[in-house]
Amino acid sequence: MKKLSVIVPCFNEEESIPYFYEEIKKVTNSMNVKLELIFVDDGSRDKTLEVVKKLTEDKVVKYISFSRNFGKEAAMYAGLNMCTGDYVTIMDADLQHPPELLPEMLRIIEEENYDCVATKSINKKGYSFFRKIFTRCFYKIIEKMSNTKMVPGANDYRLMTRQMVNSIISVKEYNRYSKGIFSFVGYKTKWIEFEVQERKAGTTKWNFWKLFSYALDGIVGFSTAPLTLSAIIGLFFCIVSFIMIIVIIIKTLIFGDPTSGWPSLVCIIFFVSGVQLFCIGVIGEYLAKIYLEVKGRPIYIVKESNVDKK
Ligand code: UDP
Ligand code: MG
C-alpha cells in the first residue's frame, strides 16, 4: 500500500486543528493509502502544539515545532523535508482546502500518469475586496517580469509524487516562494478547480504587510527585471539631461542668461542623478547574482519534534 503524507502548516490554529483532523481522517479512511499526518507548528503562541501533541495518540500524527515563527514557506519546506510518503500533499489547517478532493487527485496521479495535481480557486470567498485586487495586480506584474510561469489563483494545495518532492527540497534558497518553485521544478501538472470555503475557525494569519513582503519575495526571487528597469531609467535620465544641456546652452546663447547660475545648476542635478541611478542599477545586476548565491542561513529551526528521520 502506498503512503500519503499530508503536511499542515499551523500558526495559531488551536481552533481549526480538531476540525481538520476529523475531516482528513474521514476522507483518508475511505482511500486505499497509509496516512502520515505532519503538523508543522510554526512558532504558534496559542495552544496549537498542545492540541497537536494530544493527537499524537494516533500513531499517524507527527509534529514538528519551530523555535519561532518562520513563515508558511519555511513550514512547508520543513514538512516536505521530513515526510516519507510516496505521495505528498500540503494543506491549510483551516479547511479552506477541501480534503474531499484528495481521492480524485490521487486517482489522476495514479491512472493518468501525472506527477502533480495542483489546485486553483475559482472564487475568493472569505477574502477582503482589497486583497482580491492586490492579488490580481501581483499576478499581472509577475507575469510580465518573470520567465517562471505562475498561475493566477493557484494554491499551495497540491498532491505530488516523491520524485517531485525530492526536486523541491533540492531547491534550498532561503527566500522561498513556493508557487515559483513548483513551477521552476517542472513536471507534468494537472490543474483542477475548486470553490474556496470560508475559514472553519480562527482568523487569517496574513496581514497586509506580510502579504506585501511575500509578494516582493515572489518578484525578487523569480525576476531580475526591476534591476534592469532601474538601469534603463538611469539611462533615460542621462539622455534627457543631455538634451536639456544642449537646449539650455542654445537658449542662453540666443536670449542671454537673466537668472545667472540656474541653467547650469539644473543641468548638473539632472545629469548627476541620472548617472547615479544608472550606476546603482548596474551594481544591482551584480548584487542580484551574488544575492541568489549566498543564501546560507537555515530555512527553519526545529525546537521539538516526534519525527525521527533526518
Ligand atoms: N501559516 C503558517 N505560518 C504563518 C502564516 C500562516 O504556518 O506565518 C499557516 C496557517 O496556519 C494556515 C495556512 O498557513 O494553515 C494558511 O494561512 P491562512 O489560512 O491564514 O491564509 P489565507 O487562507 O488567509 O490565505
Ligand atoms: Mg486560510
Side-chain angles (χ1 to χ4, degrees), residues 5-24 37-52 55 61-83 89-99 101 118-136 138-139 150-158 174-179 182 194-218 299-303 305:
S5 299
V6 178
I7 296 164
V8 194
C10 304
F11 178 49
N12 298 345
E13 299 282 6
E14 57 176 5
E15 293 150 86
S16 317
I17 288 171
Y19 293 109
F20 178 84
Y21 175 73
E22 199 179 307
E23 284 295 314
I24 194 80
L37 189 51
I38 304 184
F39 289 98
V40 187
D41 165 33
D42 183 13
S44 300
R45 289 182 276 268
D46 64 358
K47 298 210 166 58
T48 297
L49 186 59
E50 287 167 41
V51 174
V52 169
L55 291 178
V61 176
K62 304 264 170 66
Y63 70 91
I64 304 164
S65 180
F66 287 176
S67 58
R68 64 168 170 87
N69 180 245
F70 278 85
K72 188 186 175 189
E73 284 292 336
M76 291 195 288
Y77 182 72
L80 291 174
N81 221 353
M82 306 261 199
C83 71
T89 181
I90 304 168
M91 294 172 87
D92 285 1
D94 56 8
L95 283 175
Q96 283 187 305
H97 297 158
L101 293 179
T119 66
K120 192 157 72 165
S121 43
I122 46 176
N123 66 339
K124 287 262 170 228
K125 199 160 153 193
Y127 295 116
S128 70
F129 175 72
F130 188 51
R131 178 162 166 180
K132 285 180 214 168
I133 301 223
F134 184 71
T135 312
R136 193 165 323 144
F138 169 72
Y139 279 109
M150 284 172 227
V151 178
N155 289 288
D156 295 323
Y157 180 26
R158 47 174 67 220
Y174 180 76
N175 285 284
R176 299 183 77 78
Y177 183 72
S178 281
K179 290 183 181 92
F182 292 143
F194 74 98
E195 279 191 39
V196 174
Q197 301 303 313
E198 300 268 2
R199 218 174 203 285
K200 188 80 191 173
T203 52
T204 178
K205 306 298 175 285
W206 298 85
N207 57 29
F208 176 76
W209 285 113
K210 220 169 163 184
L211 216 57
F212 184 72
S213 82
Y214 186 55
L216 279 187
D217 274 351
I299 296 163
Y300 59 87
I301 294 167
V302 176
K303 189 170 169 216
S305 165

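One-based numbering, in listed order, for ligands and for the atoms of each.
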Non-hydrogen atoms of K210 versus ligand 1: any pair closer than 4.0 Å?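 Distance cut 4.0 Å: K210 passes for ligand 1.
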Any atom of ligand 1 sitting under 4.0 Å from a heavy atom of R131?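 It does, in that a heavy atom of R131 comes within the 4.0 Å cut-off of ligand 1.
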Which atoms from ligand 1 have a heavy atom of [X] less than 4.0 Å away?
X	result
D94	19 (O), 23 (O)
E13	10 (C), 11 (O), 12 (C), 15 (O)
C10	7 (O), 11 (O)
D92	13 (C), 15 (O), 16 (C)
Q96	19 (O), 23 (O)

Contact between [X] and [Y] at the side-chain level, heavy atoms closer than 4.5 Å - yes or no?
X	Y	answer
Y157	L101	yes
F130	F208	yes
D41	Y63	no
L80	I90	yes
H97	T119	no
Y300	D42	no
L55	I17	yes
F39	L49	no

Over 12 non-hydrogen atoms of neighbours within 6.0 angstrom of OH in Y19: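 Atom OH in Y19 is not packed in, count stays at 12 or less.
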What residue and atom, counting heavy atoms only, is the protein's closest point to [atom], and at what distance?
atom	value
atom 14 (O) of ligand 1	K72 CD, 3.2 Å
atom 24 (O) of ligand 1	T204 OG1, 2.6 Å
atom 3 (N) of ligand 1	D42 OD2, 2.7 Å
atom 18 (P) of ligand 1	R199 NH2, 3.5 Å
atom 22 (P) of ligand 1	Y127 OH, 3.4 Å
atom 21 (O) of ligand 1	W206 CD1, 3.0 Å
atom 1 (N) of ligand 1	F11 CB, 3.8 Å
atom 6 (C) of ligand 1	K205 CB, 3.7 Å

Classify the side-chain pair E73/S178 by whether it contains a donor and acceptor separated by less than 3.5 Å.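 Checked: E73/S178 side chains pair up, N/O donor to acceptor below 3.5 Å.
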If we set the cut-off at 4.0 Å for heavy atoms, which region of N69 has an atom near ligand 1: side chain, backbone, both, or neither?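 Side chain only.
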Examine P9 against ligand 1 and note whether any of their N/O atoms are separated by less than 3.5 Å.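 It does: an N or O of P9 is found under 3.5 Å from an N or O of ligand 1.
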Please report whether ligand 1 has a polar contact with A93, defined as an N or O pair separated by less than 3.5 Å (distance criterion only).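 Yes; the residue has a nitrogen or oxygen that sits under 3.5 Å from a nitrogen or oxygen of the ligand.
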Would you compute the distance between atom CZ of F66 and atom CZ of F11 and round it to the nearest 0.5 angstrom?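 Nearest 0.5 Å value for the CZ-CZ distance: 12.0 Å.
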Taking 2.8 Å as the cut-off, does an N/O/S atom of D94 lie below it from the Mg ion (ligand 2)?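 Under 2.8 Å: D94 contacts the Mg ion (ligand 2) through an N, O or S atom.
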Minimum heavy-atom separation for C10 and S44, please, with both atom names.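 The answer is O-OG, 3.4 Å.
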